[in-house]
Amino acid sequence: MSDLSSMTPSERRFYEAGERQERIWVFIVLILLTVMTIIAMLYVVIDYNLVTKSGGQTPVIGQMTTDQAQPEGVAVETGPNAYTVSLVARMWRWAPGPIHVKQGAKITFRVTSADVLHGFEVQGTDINLTAVPGEIGLVSHVFRKPGTYYIICNEYCGLMHHAMASPIIVDPARPEAEAAQ
Ligand code: CUA
């Protein structure tokens, strides 16, 4: 409605003020949309470490599953208080069984996928990388507290995506200390 001539002066002031407000809000929304679009594009263009790094290793899915030095889901000692756990994600599991690691040790996970993208996330930690077929993602973590942690999948991977969880059991560094508690 813009028939200003039939309005009283106060009606007209009200109408004009309303129109000004409306223009301001349309402007704010346009600015917001522009900023959000730019941010979304930056996420695509700039590497925010959202995707796993291969760490210079070549894809060796077959090797990872058969290599005796790197059995799947088993912590292999690779240095003083340092262990490596190799995992091949598959629809819809992370490891053949529970993964045992030691409290306070540096645990490096080598993670790849045998099929589709999976999201490797360990609850209660900041571990979060994408399991990519043909790439080995590396992520290290020190579990400070013993207990059971769950690897969950945070990348939709099909029918049983929600059930794709495997336990990591952090064994106490000194079992007798735990028993005494
Ligand atoms: Cu694997 Cu979702």
Side-chain angles (χ1 to χ4, degrees), residues 32-33 35-79 81-173:
L32 266 179
L33 270 176
V35 168
M36 283 156 69
T37 305
I38 289 170
I39 291 172
M41 279 156 67
L42 283 178
Y43 264 89
V44 175
V45 174
I46 300 176
D47 183 358
Y48 283 108
N49 272 339
L50 293 178
V51 175
T52 174
K53 293 285 177 295
S54 70
Q57 297 188 34
T58 44
V60 278
I61 288 170
Q63 229 173 299
M64 277 180 75
T65 53
T66 55
D67 188 348
Q68 288 306 302
Q70 292 287 356
E72 239 185 291
V74 176
V76 177
E77 197 160 7
T78 48
N81 212 25
Y83 298 82
T84 296
V85 178
S86 296
L87 295 173
V88 183
R90 292 184 182 84
M91 292 184 268
W92 289 276
R93 68 155 178 79
W94 288 103
I99 302 158
H100 280 267
V101 300
K102 214 169 90 187
Q103 176 193 7
K106 186 188 177 196
I107 313 296
T108 301
F109 294 94
R110 300 166 75 233
V111 186
T112 189
S113 167
D115 37 52
V116 298
L117 290 183
H118 298 277
F120 182 76
E121 179 176 341
V122 182
Q123 289 185 321
T125 75
D126 55 4
I127 297 173
N128 186 2
L129 67 75
T130 308
V132 181
E135 290 242 14
I136 297 175
L138 297 176
V139 61
S140 295
H141 186 75
V142 176
F143 292 90
R144 299 283 174 201
K145 286 185 191 158
T148 304
Y149 297 71
Y150 279 91
I151 309 170
I152 58 159
C153 183
N154 63 16
E155 184 86 47
Y156 183 73
C157 57
L159 208 59
M160 295 300 286
H161 157 72
H162 62 282
M164 189 168 166
S166 294
I168 296 175
I169 297 163
V170 180
D171 298 314

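Both backbone and side-chain heavy atoms feed into the values below; hydrogens, waters and symmetry mates do not. Atoms within a ligand are numbered from 1 in the order they appear, just like the ligands themselves.
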Student: Could you work out, with ring-ring contact (aromatic ring centres under 6.0 Å, His included) as the rule, every residue matching Tyr156, not counting sequence neighbours?
Tutor: His161
Student: Suppose we call two aromatic rings close when their centres sit under 6.0 Å apart. Are His141 and Phe143 close by that rule?
Tutor: yes
Student: Examine Met91 and say whether one of its N/O/S atoms is closer to atom 1 (Cu) of ligand 1 than 2.8 Å.
Tutor: no
Student: Looking only at side chains, do Thr108 and Ser140 share a donor and an acceptor under 3.5 Å apart?
Tutor: yes
Student: Short check: any N/O/S atom of Cys153 below 2.8 Å from atom 2 (Cu) of ligand 1?
Tutor: yes
Student: Is His118 close enough to atom 2 (Cu) of ligand 1 that one of its N, O or S atoms comes in under 2.8 Å?
Tutor: no
Student: As an exercise, state the distance from OG1 of Thr130 to NE2 of His118, rounded to the nearest 0.5 Å.
Tutor: 11.5 Å
Student: Checking only N/O/S atoms, does Cys157 have one that is under 2.8 Å from atom 1 (Cu) of ligand 1?
Tutor: yes
Student: Taking the N/O/S atoms of Glu155 one by one, which is nearest to atom 2 (Cu) of ligand 1?
Tutor: O
Student: Roughly how far, to the nearest 0.5 Å, is the CD1 atom of Ile127 from the CD atom of Glu121?
Tutor: 10.0 Å
Student: Which is the closest N/O/S atom of His161 when seen from atom 2 (Cu) of ligand 1?
Tutor: ND1
